[in-house]
Protein chains: 4
Amino acid sequence: MAQTDTVTRILDTAEVLFAERGFAETSLRNITSKAKVNLAAVNYHFGSKKSLIQAVFARYLDPFTERFHAALDELEAEYQGRDIPLETLLESMARTVLEVPAERNSLKVFMRLLGLAYSQAQGHLRRYIQEHYGSVFTRFTELVRRATPELPDAERFWRLHFVLGSVIFTLSGLDALRDIAEQDYGEQVTVRDLIRRMRPVVVSAMHAPLPEPAESVA
Amino acid sequence: MAQTDTVTRILDTAEVLFAERGFAETSLRNITSKAKVNLAAVNYHFGSKKSLIQAVFARYLDPFTERFHAALDELEAEYQGRDIPLETLLESMARTVLEVPAERNSLKVFMRLLGLAYSQAQGHLRRYIQEHYGSVFTRFTELVRRATPELPDAERFWRLHFVLGSVIFTLSGLDALRDIAEQDYGEQVTVRDLIRRMRPVVVSAMHAPLPEPAESVA
Amino acid sequence: MAQTDTVTRILDTAEVLFAERGFAETSLRNITSKAKVNLAAVNYHFGSKKSLIQAVFARYLDPFTERFHAALDELEAEYQGRDIPLETLLESMARTVLEVPAERNSLKVFMRLLGLAYSQAQGHLRRYIQEHYGSVFTRFTELVRRATPELPDAERFWRLHFVLGSVIFTLSGLDALRDIAEQDYGEQVTVRDLIRRMRPVVVSAMHAPLPEPAESVA
Amino acid sequence: MAQTDTVTRILDTAEVLFAERGFAETSLRNITSKAKVNLAAVNYHFGSKKSLIQAVFARYLDPFTERFHAALDELEAEYQGRDIPLETLLESMARTVLEVPAERNSLKVFMRLLGLAYSQAQGHLRRYIQEHYGSVFTRFTELVRRATPELPDAERFWRLHFVLGSVIFTLSGLDALRDIAEQDYGEQVTVRDLIRRMRPVVVSAMHAPLPEPAESVA
DNA sequence: GATGAATGAGGTTTCATTCAT
DNA sequence: AATGAATGAAACCTCATTCAT
């Protein structure tokens with residue numbers, strides 16, 4: 001009881017502060033004082049700041065991975081060896097991404113964290129994510145490959161990263177952009193809205209015509 | 001001479017380190033020791049770390065703004081009031097973005113910096129960029145608006161940011177991605193290749209069908 | 001059973017770590033984690049780190065004291081009031097020192113601990129040893145006094161400490177020295193060898209001519 | 001001026017506290033607060049606590065090494081290739097050891113430090129001393145070899161370490177021993193007295209008869 | 001009898017900045 | 001114009017110990 005409480009309070013506070021300011025700009029003091037927890041508690045429960053950062057991610061990515069694997073299992077069962085259409089795959093991923101943080105009302109935080117994982121140095125984090133969650137991404141990539149046989153492998157690789165960039169960039173910089181959008185267009189945008197907007201863009205991007213071949217001289 | 005030298009050495013070193021590790025993770029000591037410059041020199045020449053960060057950006061964004069304004073001037077003169085096609089506008093922007101750092105062989109650094117400007121907290125930086133360089137972007141946005149009359153304003157706003165995200169994300173993480181691509185597909189990708197590949201994707205993205213309207217209940 | 005086990009495991013681990021690194025450099029965490037024992041167990045069973053240190057010494061010094069008293073009893077019985085020769089006294093001490101740790105194969109540890117007791121601050125330890133084991137040493141010293149009537153008391157005091165220093169220093173640093181000796185002279189030295197080598201040196205040292213008197217001006 | 005002052009104050013304070021309590025038991029806060037110097041000054045001037053410890057030793061050992069080399073140069077010149085007698089060599093070393101700290105009235109501190117260097121873990125310190133000052137010791141050892149041709153090499157090696165142990169042990173534990181001696185024998189002992197007392201003991205120890213050969217079975 | 005959780009004190013180090021020269 | 005010295009704040013982490021269970 002007491003433990004769960006402390007550990008959870010630390011994680012809850014940490015993820016919010018990390019999302020707001022980044023890792024380096026958030027000190028353990030910031031976290032523990034806001035969480036009303038002893039300063040040493042972080043090191044006691046997590047061992048180090050690095051491990052805390054990883055734990056914050058794990059709390060999202062563990063259930064995400066599990067559910068996404070399950071969702072892909074279902075799809076594969078449903079399609080019985082036939083190729084799953086790209087739209088369905090993307091749909092399934094989007095749904096899972098939305099599901100996990102929905103239970104804690106922290107979708108925005110999760111998105112910011114994903115953005116930080118990419119943009120902040122934190123080599124240890126990149127390694128941790130790669131090690132622990134690389135396999136789902138690999139599985140997903142392979143299914144995408146079979147859904148888009150017309151694309152050369154390299155082309156597909158790059159397009160997936162274009163799309164990934166779009167999503168992570170937009171969602172992680174969401175707050176600032178949302179402010180501007182609200183000010184300029186009077187719209188109040190939710191993450192759900194954004195995902196709805198992204199769908200056709202992403203699909204079009206993946207299906208765009210192949211580029212003209214490179215010129216002979218670079 | 002000696003001063004110019006010092007200032008330039010600081011800027012050259014700072015931009016590389018910032019791009020590699022981020023702002024908070026790069027200390028003035030890191031910079032000055034690598035630049036072989038006195039520790040106090042940063043504060044002496046720039047006043048503070050914040051100002052140094054801004055100066056690093058200004059060195060790219062000042063010439064960029066100037067040239068991009070000039071390029072748009074040319075286009076407007078050429079089209080004499082008629083709408084400039086989206087492809088042409090994007091083309092022009094891409095060319096200018098490539099031109100500026102090309103002279104110092106630092107495209108990657110420039111892109112990483114742009115990425116950091118987006119993703120790192122540094123409120124002061126966002127404000128600085130907005131204040132000093134907001135006008136070019138506004139001008140460009142307005143021209144895009146006239147090139148895509150079929151898009152609702154808000155939709156265009158978001159799509160531009162999707163695209164921006166793609167570009168910055170891909171180019172700023174270029175090194176890592178390039179390694180993977182080379183390993184997996186035996187391709188040696190140049191920045192020019194990437195831009196060539198991006199063109200159809202970006203155009204398709206901008207021209208994607210409108211999303212289905214939001215459901216009534218969020 | 002469980003308790004005995006825990007206490008013993010703590011003592012076994014603590015003495016090794018203390019001997020290797022010293023008292024201050026060995027944390028209770030080091031000990032308990034290596035001993036696979038709960039962190040609080042040390043405080044629970046021993047009360048404090050200081051008491052643990054004392055307990056580690058007691059485990060060697062209690063049997064040592066007992067046996068040494070017994071050995072001196074025997075000698076006094078054998079010599080029936082006549083002075084016991086210095087060589088015999090030293091011999092007896094050496095034998096007892098070797099006997100106690102021999103049962104646990106920990107002579108080196110014992111010697112290192114004695115060295116630490118001398119050189120590390122730990123006032124409490126010096127006091128503890130003095131209080132609990134001072135009497136054997138006093139008894140031994142008195143016998144030595146009668147064996148070397150030609151030496152002034154102060155001279156004898158210092159010489160005993162010179163010798164003690166030799167022994168503890170050599171035996172506590174044994175591993176490093178043995179490595180050098182083996183490398184340089186191709187000798188594999190056992191503790192018994194060393195004791196054999198020390199005997200004539202110690203005897204000569206104790207019987208050395210008196211120093212010339214101090215000069216008038218320090 | 002200001003710098004010299006701060007650096008010197010730190011070194012002066014550090015060596016006293018180290019000598020009194022040992023390295024681990026002396027915190028940088030202890031040092032800087034007693035030296036009335038900013039806490040960060042140690043890291044500014046020395047880089048780390050380890051480097052400070054090394055600097056404290058260097059301040060004694062650098063002049064010691066220099067003078068001892070000079071003294072041996074003189075002796076070699078005087079003896080013109082003939083072997084220098086053991087007594088003379090030891091005499092020369094003792095004189096040099098006394099000379100260096102005499103100028104700062106800190107012989108006792110120097111001795112404690114030497115003792116600590118041996119008994120405290122501090123692997124870095126042992127390595128530092130070995131690297132920087134090993135050569136003088138090697139030179140001295142070689143001269144001792146020629147002064148005691150009757151000793152087998154291994155025997156000489158061990159005897160030198162017996163003697164070293166005597167000296168370091170006694171001198172570094174001096175304070176406690178001195179208290180006892182004063183209480184028991186009413187003597188006030190100076191380091192000079194001790195050295196005077198040690199001389200005949202050391203000489204006798206080195207010239208002790210060879211031990212009886214080892215028994216056939218170890 | 002034993003333990004996981006928690007704590008307050010204090011450790012070393014790094015930081016951006018300022019100051020006297 | 002430029003710099004070496006110095007500083008106060010704050011960073012992360014480890015410590016021995018205590019407490020509730």
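Each chain gets a letter, A, B and so on, in the order its sequence line appears, and its residues count up from 1.
In this view, C/Y128 and C/H132 satisfy the ring pair (Phe, Tyr, Trp, His ring centres under 6.0 Å) rule, not counting sequence neighbours. Judged as a side-chain hydrogen bond (donor to acceptor under 3.5 Å, both in side chains), and not counting sequence neighbours, the contacts of A/D62 are A/Y133. Partners of D/F110 by ring pair (Phe, Tyr, Trp, His ring centres under 6.0 Å), not counting sequence neighbours, listed by chain and number: D/Y60. With sequence neighbours excluded, no residue satisfies ring pair (Phe, Tyr, Trp, His ring centres under 6.0 Å) with D/F46. Remark: A/D12 engages A/T8, A/R59, A/R104 in a side-chain contact (heavy atoms from CB on, under 4.5 Å) (not counting sequence neighbours). For the side-chain contact (heavy atoms from CB on, under 4.5 Å) test, residues two or more places apart in sequence or in another chain that qualify with C/K108 are C/D175. For D/S48, the side-chain contact (heavy atoms from CB on, under 4.5 Å) test picks out D/K50, D/S51, with sequence neighbours left out.
Distance A/F46 CZ to E/dG4 C1': 15 Å, rounded to the nearest Å.
Look at B/T6 and you won't find any side-chain N or O under 4.0 angstrom from OP1 or OP2 of F/dA2. Taking only side-chain nitrogens and oxygens, D/H45 comes nearer than 4.0 Å to OP1 or OP2 of F/dA6.
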**Request:** Report the secondary structure of DNA chain F in dot-bracket form, marking unpaired bases with a dot and bases paired to a different strand with |, and treating Watson-Crick or G-U pairs with both distances under 3.5 Å as paired.
**Result:** .||||||||||||||||||||
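Checking side-chain atoms of A/R21 against main-chain N and O of A/T26 turns up no donor-acceptor pair under 3.5 Å.
Comparing D/K36 and B/N38 along DNA chain F, the residue whose closest nucleotide (by nearest heavy atom) sits nearer the 5' end is B/N38.
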**Message:** Within the 4.0 Å limit for protein heavy atoms, which parts of nucleotides 11-21 of chain F are touched? Write it as a string from 5' to 3', B for base, S for sugar-phosphate only, - for none.
**Reply:** SBBBBBBB---
